[in-house]
J.: 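Have a look at the structure that comes next, please.
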Amino acid sequence: MAKKVATREAYGKALVEMGKSNQNIVVLDADLSKSTKTAEFAKVYPERFFNVGIAEQNLMGTAAGLAASGKIPFVSTFAMFATGRAFEQIRNTIAYPKLNVKIAATHAGITVGEDGASHQAIEDISLMRSIPNMTVIVPADAGEAEAAVKAAVEMDGPVYLRLGRSGVPLITKKEGDTFQIGKGILLKDGSDVVLVGTGIMVDVCLQAAETLKEAGVSAAVLDIHTIKPLDRDLLVSLAQKTGAVVTAEEHSIIGGLGSAVAEVLGENCPVPMKRVGIKDEFGQSGAPGELLEKYSLTPAEIVSAVRELIKRK
Amino acid sequence: MNQDTVRMLTEKAREIRKDIISMLAEAGSGHPGGSLSAADILTVLYFYEMKIDPKDPHWPERDRFVLSKGHAAPVLYAALAERGYFPKEELSTLRKTGSILQGHPDMKRVPGVEISTGSLGQGLSAANGMALAGKLDGKDYRVYALIGDGESQEGQIWEAAMLAAHYKLDNLTAILDHNGLQIDGKITEVMSPEPLDEKWRAFGWHVEVIDGHNMEEIAAAFAQAKTVKGKPTMIIAETVKGKGVSFMENAAGWHGAAPKPEEAEKALAELSR
């Protein structure tokens, strides 16, 4: 079995590396630095690391002030607290003035696992992509996470980087070869349907594509690591080519990748589509793998969605 | 401070108050009460205390001012215009479509505005960030932040209070506009944040309590703050909401209501005396 690495691990390493070449990078955390992996940066660059304690609103505001003074702050906490607790601070003090703050939130989605629903952010993509000026990136694996950190440093403006707790296989090309904010990556071409995944669900799409192939269905797999700005051109061209679209995300089917894709296709190229994701309900405690099964974030669910679509074509 | 300086500052504050009344009357909406209560504090900051260059608003060495109580935007805009950051004619565009002068301050539109504010409780955190950056860069600029007493009901204020003391931000001076009123009435009746002086001391700040309408006391408190090492300073400025316009003084109703033309005329007449 392929080696699995969590995107938060890659984030921690990338921060240290970027911190070496860019003295303007500062890192802030809210008492979760061991979990978010910013502790690695803190160890190497203690003078550029600020733990604000369990105070997420102040976390965002302090980062805004640092950005207004020329720094490039990376702020980390769990996705629930970053985007939920501090939503308005992000909107008003970071995004409205377009400050150069990178919100790298970990433990997104239900693969937080045992901590349960209170800690499982399944609305964060929806919240962040609705804010003007915000860029939203959801890496599919460690390589993409590392590339995303670099790309976030290179662009000026607020970024929401959604990272996970659990390990994911390395599925994209080595580190950043093809990574560009706003450009989807066609991991596998196909002619009958396009599976559009983000985050950990990209790997699940690849597995589904294999099953479909055995059944004689040619499925393309599109890795949408940037939810905003969305790669409209690539999406529309693949929808036109295949005539059927399935989206897959570890997030509510309301407001996330599925919604974003539906918005684009609805206006530009309506084709039959299905959204695989969390069906407007809260998560619960459990092992991450078991929860993915329980909430149908599986290759089987994608395959069944494809079968249904093909009937409608 | 010599008496000429006091006279100069008093005249500037009078101009700023007149600007506030005129711009609000023209806009037809906005917040006079908390703008007038802070007018003397901003006058001392912009015309005496702060190291700034209106021709170079982004000068890296400048002192920074954060208006955490963003609804007092009129006093900030008036001070910036009087100081030469932008033409005074702009003031009459307050709150109008296309204006740089939004209802609450927008740092991207207005030269001299250091951070966008308006939603209460958030500015002090940003001031913390600026003060941390100053320490990190070895710069000796100072950061000033004005917060409201009603605003002190926001939890984030106290998160920020903890951080500033924890990181020993002695390059940060906050001023609390203690005018005692908020939209729904007296702060002590709506939800008392008192005793504010003891709270700030307990949070690890150096605290000064002054008359927020006395130029010499305001300036002396800023000077004192610079001598305090290892902790931030909170200046609790005892002020009168609506200060300078008799019928607006100590009246919660003037928190967020603009004067009608005849009221503005009366206010301007009082301020011109």
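Scope of the values below: all heavy atoms of this structure, side chains included, with no hydrogens, waters or symmetry mates.
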J.: Ignoring hydrogens and angles, state whether a donor on the side chain of B:S125 or A:Q57 is under 3.5 Å from an acceptor on the partner side chain.
T.: no
J.: So which residue, B:L163, B:T117, B:L124, B:V143, ends up with the most heavy-atom pairs under 4.5 Å with chain A?
T.: B:L163
J.: Answer yes or no: are there more than 12 heavy-atom neighbours, outside A:R129 itself, under 6.0 Å from its atom CZ?
T.: yes
J.: Please give me the minimum heavy-atom distance between B:Q122 and A:N92, naming the atom from each residue.
T.: OE1-CB, 4.1 Å
J.: A quick test of your reading: do over 12 heavy atoms of other residues, nucleotides or ligands sit less than 6.0 Å from NZ of A:K34?
T.: no
J.: Any chance CE of A:M155 has more than 12 other-residue heavy atoms, nucleotides or ligands included, within less than 6.0 Å?
T.: yes
J.: Tell me which of these, A:G65, A:A55, A:A68, A:P73, has more heavy-atom pairs under 4.5 Å with chain B than the rest.
T.: A:G65
J.: Suppose a student defines contact as a heavy atom less than 4.5 Å from any heavy atom of chain B. Which residues in residues 93-104 of chain A would they list?
T.: A:T93, A:Y96, A:P97, A:K98, A:L99
J.: Taking atom CZ of A:R48 as the centre, does the number of heavy atoms from other residues, nucleotides or ligands within less than 6.0 Å exceed 12?
T.: yes
J.: Tell me if the NZ atom of B:K55 is crowded by more than 12 foreign heavy atoms within 6.0 Å.
T.: no
J.: Counting only heavy atoms not in B:K88, do more than 12 fall under 6.0 Å of its NZ?
T.: yes
J.: Minimum heavy-atom separation for A:F49 and B:Y167, please, with both atom names.
T.: O-OH, 4.4 Å
J.: Below 4.5 Å from any heavy atom of chain B, which atoms of A:Q23 appear? Answer side chain, backbone, both or neither.
T.: neither
J.: A:K71 versus B:L136: any side-chain heavy-atom pair under 4.5 Å?
T.: yes
J.: Do A:L66 and B:M130 have side chains that get closer than 4.5 Å, going by heavy atoms?
T.: no
